[in-house]
Amino acid sequence: MGELESIRVFLAVAEQESFAGAGRQLGLTPASVTRTIAALEQRLGVQLLVRTTRQVALTAAGAVYAARVAPLAQGLAEAAEDTREAQGIASGRIRVSAPISLGLKVLPAVLSQFAALYPDTHVALSLSDGFVDIVEGDYDLAIRISGPPGDKSTIWRKVCPVPRLLVAAPGYLARNGTPQTPEDLSRFSCLSYGPEARTEVWELSRGPGRRAHKARGRFSTDNGDLLARLVLQGEGIALLPRFIVEEALAAGELAQLLPDWSAPSIWLTLFYPPYERLPLRVATFSDFFETYVKETRPL
């Protein structure tokens, strides 16, 4: 292994504080990582890492060496990426944050098709329904489904609206009746879907008419797939993004309620750190994802 690759392995071990963790990050076996570090230490004539049964730590010499070589490794990586970008080649690692339901239902096909077209890229996907600070978390891109953006430290662009539907299981409606107006909802178990599982207020409109209903039910959650399962089990009514429930609706496992009334739009939005210039790999993935959800798999 060349010196540059040895340095990259060393920096990964220092970051992960683990030979196995560095191996997983780089796609190497722990034995290969161990041999690489041993060879690097032998060439330098100093011990860079202290190995214990619990973790790996930098020695004083290792800390000095890491501080000197980390900027060099980063600079070389950026130079290689800039060279590829100049030739129009999308490559490198893209760290993406996305909601859990979208990740499970939409992104597998996106990732597979993107990988086939851009084999030199690696997408590292993290799924979470909570707010993710993409600057602090060192993400290249965050995909969010929410109301108007409130994060002033990032760049964002709207992709498309995400329709929401009031749904319930036919069995639940057979036992409890079917609401005919928003006012009727007060007689039903209405399940909340929102950040930190807080009680949700449904704002419904039909033409100039406006109604607000506080969803008081036995359950609330911040995950749409879990809430959809509870609705399927007959636990009540929920207001959910269409892409989460469309298969169950098509199969007759759920029924749409109050179809003449609509909830305010929420948006599928892409968020970026404050780049001066969007890296080619990030721009390429963003454009591919946007085209997919608009043309191939509308939400």
Side-chain angles (χ1 to χ4, degrees), residues 97-106 127-133 142-151 158 160-269 271 299:
S97 170
I100 295 173
S101 296
L102 186 81
L104 296 176
K105 294 186 175 296
V106 177
L127 299 181
S128 172
D129 285 335
F131 175 81
V132 175
D133 187 326
I143 304 169
R144 293 180 183 163
I145 298 175
S146 64
D151 187 349
K158 288 181 174 179
C160 62
V162 179
R164 291 182 292 169
L165 308 175
L166 281 170
V167 294
Y172 176 82
L173 299 175
R175 294 191 304 272
N176 297 280
T178 301
Q180 302 299 317
T181 69
E183 288 79 9
D184 292 342
L185 292 170
S186 61
R187 299 188 290 104
F188 294 84
S189 176
C190 297
L191 313 182
S192 292
Y193 174 35
E196 300 177 356
R198 294 180 178 175
T199 300
E200 187 180 16
V201 176
W202 298 344
E203 297 178 0
L204 305 174
S205 63
R206 184 180 65 180
R210 299 288 186 273
R211 301 289 188 277
H213 174 73
K214 194 168 186 178
R216 293 185 177 91
R218 289 178 291 176
F219 304 105
S220 58
T221 179
D222 62 358
N223 179 258
D225 279 299
L226 173 58
L227 194 62
R229 288 181 179 276
L230 290 170
V231 176
L232 282 165
Q233 291 174 185
E235 295 294 346
I237 299 170
L239 178 65
L240 285 163
R242 183 178 63 191
F243 76 89
I244 293 179
V245 297
E246 59 188 356
E247 291 182 3
L249 286 168
E253 298 170 340
L254 290 178
Q256 182 180 356
L257 307 177
L258 305 179
D260 294 337
W261 292 82
S262 60
S265 293
I266 55 176
W267 281 80
L268 180 67
T269 308
F271 283 75
L299 301 184

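Note that the structure is predicted; figures quoted are calculated from it, not measured.
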Can you measure from [atom1] ([X]) to [atom2] ([Y]) and round to the nearest 0.5 angstrom?
| X | Y | atom1 | atom2 | result |
| --- | --- | --- | --- | --- |
| Leu232 | Leu254 | CG | CG | 4.5 Å |
| Asn223 | Ser128 | CG | OG | 10.0 Å |
| Trp267 | Cys160 | CH2 | SG | 7.5 Å |
| Lys214 | Cys190 | NZ | SG | 13.0 Å |

Which atoms form the tightest heavy-atom contact between [X] and [Y], and what is the distance?
| X | Y | result |
| --- | --- | --- |
| Arg218 | Ser189 | N-OG, 3.8 Å |
| Leu166 | Trp202 | CD2-CZ3, 3.5 Å |
| Gly252 | Pro170 | O-CG, 3.5 Å |
| Ala168 | Ile237 | CB-CG1, 3.9 Å |
| Val245 | Leu240 | CG1-CD1, 3.7 Å |
| Pro179 | Leu258 | O-CD2, 3.6 Å |

Do [X] and [Y] make a side-chain contact, defined as non-hydrogen atoms from C-beta onward lying under 4.5 Å apart?
| X | Y | result |
| --- | --- | --- |
| His213 | Pro182 | no |
| Ser262 | Arg164 | no |
| Ile145 | Phe243 | yes |

| said: Checking the side chain of Arg206 only, and the main-chain atoms of Pro259 only, is there a donor and an acceptor separated by less than 3.5 Å? | reply: no
| request: List the steps, then state whether side chain to side chain contact (heavy atoms under 4.5 Å, CB included) holds for Leu165 with Leu249. | output: CA-CA 10 Å; Leu165 308 175; Leu249 286 168; 3.6 Å; yes
| query | Should Arg211 and Glu183 count as an ion pair when the cut-off is N to O under 4.0 Å? | reply | yes
| Would Leu173 and Leu257 count as a side chain to side chain contact (heavy atoms under 4.5 Å, CB included) if you check the C-alpha gap in whole Å, the side-chain angles of each, and the deciding distance to 0.1 Å? | CA-CA 10 Å; Leu173 299 175; Leu257 307 177; 3.7 Å; yes
| task | Carefully, step by step, assess Phe271 and Val132 under the rule side chain to side chain contact (heavy atoms under 4.5 Å, CB included). | result | CA-CA 11 Å; Phe271 283 75; Val132 175; over 6 Å; no
| request: Would you check, one step at a time, whether the test side chain to side chain contact (heavy atoms under 4.5 Å, CB included) holds for Leu102 with Leu299? | output: CA-CA 10 Å; Leu102 186 81; Leu299 301 184; 4.2 Å; yes
| message | Quick check on Gln256: does its CD atom have over 12 non-hydrogen neighbours (other residues, nucleotides or ligands) under 6.0 Å away? | response | yes
